[in-house]
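Below: one structure, written as structure tokens.
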Amino acid sequence: MVDGYNNITTPDGEKLVIFMMTVTNTSNETYDIFKDDFQIQWGKDDFGVALDAVDDVMMPDATTLQPGESLSGWMLVNLPQDTNDFVVAYQEMLADGSNGNAYFVDLSL
């Protein structure tokens with residue numbers, strides 16, 4: 001948890017959480033990656049996405065990854081003050097529009 005980051009303010013009743021995300025393209029194809037592809041989930045039905053990048057060390061809103069290329073960046077999210085556990089979820093979308101594999105990473109504060 002952080003008190004603030006680069007003029008980002010946290011609404012009352014929430015806390016600002018920061019974590020490092022690294023994404024690696026393990027395929028043989030070029031892929032467009034979007035920050036909002038990674039959903040932050042907490043509670044039973046609560047979810048959101050990380051805040052938009054305000055500097056070049058945060059995960060960019062969009063990027064293209066070549067085969068074998070990796071990208072790392074800080075992800076910031078506002079969570080309810082009483083939240084101590086959350087999940088970062090990613091759902092692959094295949095070229096035909098169907099869902100591929102789903103990935104989940106559990107994080108605790």
Side-chain angles (χ1 to χ4, degrees):
M1 294 184 318
V2 292
D3 291 331
Y5 184 91
N6 201 3
N7 296 325
I8 292 175
T9 59
T10 303
D12 288 339
E14 295 185 0
K15 58 186 168 188
L16 185 61
V17 175
I18 185 171
F19 58 94
M20 179 62 66
M21 169 78 83
T22 300
V23 179
T24 302
N25 181 351
T26 60
S27 76
N28 294 323
E29 298 179 33
T30 299
Y31 281 103
D32 292 327
I33 299 294
F34 300 91
K35 171 194 62 71
D36 290 352
D37 289 341
F38 301 92
Q39 189 179 78
I40 313 302
Q41 302 172 347
W42 66 94
K44 183 177 178 184
D45 297 312
D46 300 312
F47 61 91
V49 294
L51 302 174
D52 291 339
V54 295
D55 61 27
D56 60 357
V57 296
M58 289 179 66
M59 185 65 72
D61 295 335
T63 193
T64 299
L65 288 180
Q66 301 299 320
E69 189 175 38
S70 294
L71 172 71
S72 294
W74 290 111
M75 301 276 275
L76 279 85
V77 61
N78 285 316
L79 295 175
Q81 191 65 43
D82 62 350
T83 300
N84 292 315
D85 300 300
F86 61 100
V87 174
V88 178
Y90 175 73
Q91 175 69 58
E92 287 181 328
M93 295 298 293
L94 304 178
D96 66 3
S98 63
N99 289 338
N101 293 325
Y103 300 92
F104 303 91
V105 176
D106 297 315
L107 298 173
S108 294
L109 303 176

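This chain uses plain numbering: 1 for the first residue, then up along the sequence.
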Among the clusters formed by ILVMFWY side chains lying less than 4.5 Å apart, do [X] and [Y] turn up in the same one?
X	Y	result
Tyr103	Trp42	yes
Val105	Leu109	yes
Phe38	Phe34	no

Any donor and acceptor pair, going by atom type alone, linking the side chain of [X] with main-chain N or O of [Y] inside 3.5 Å?
X	Y	value
Gln91	Gly100	yes
Thr24	Thr26	no
Gln39	Ala89	no
Lys35	Val49	no

Take atom [atom1] of [X] as the centre, draw a 6.0 Å sphere, and report whether it contains more than 12 heavy atoms from other residues, nucleotides or ligands.
X	atom1	result
Asp3	CG	no
Asp96	CG	yes
Asn101	CG	yes

What's the spacing between [X] [atom1] and [Y] [atom2] if we round to 0.5 Å?
X	Y	atom1	atom2	value
Tyr90	Ile33	OH	CD1	4.5 Å
Thr22	Leu71	OG1	CG	8.0 Å
Gln41	Leu79	CD	CG	12.0 Å

Original post:
What closest approach, in Å, do Ser72 and Met59 show between heavy atoms, and which atom pair accounts for it?
Top reply: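 Reported closest heavy-atom pair: C-CE, 4.3 Å.
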
Original post:
Taking all non-hydrogen atoms of both residues, which atom of Lys15 and which atom of Met1 are closest, and how far apart?
Top reply: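 Looking at all heavy atoms of both residues, the closest pair is CD-SD, 3.1 Å.
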
Original post:
Does the side chain of Ile40 come within less than 4.5 Å of Phe19's, by heavy atoms?
Top reply: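 Heavy-atom side-chain distance check passes, below 4.5 Å.
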
Original post:
Taking side chain as C-beta onward, heavy atoms only, is Val87 less than 4.5 Å from Phe47?
Top reply: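 SC-SC contact between Val87 and Phe47 ruled out.
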
N/O donor to acceptor pairs below 3.5 angstrom from side-chain atoms of residues 60-69, sequence neighbours left out:
| residue | atom | partner | partner atom | Å |
| --- | --- | --- | --- | --- |
| Thr64 | OG1 | Asp32 | OD1 | 2.7 |
| Gln66 | OE1 | Thr30 | OG1 | 2.9 |
| Glu69 | OE1 | Gln66 | N | 2.8 |

**OP:** Quick one: name the residues clustered hydrophobically with Leu51, using the 4.5 Å side-chain heavy-atom rule over I, L, V, M, F, W, Y, and just say none if it's on its own.
**Re:**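 Val2, Tyr5, Ile8, Leu16, Ile18, Met20, Val54, Val57, Met58, Trp74, Leu76, all in the cluster of Leu51.
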
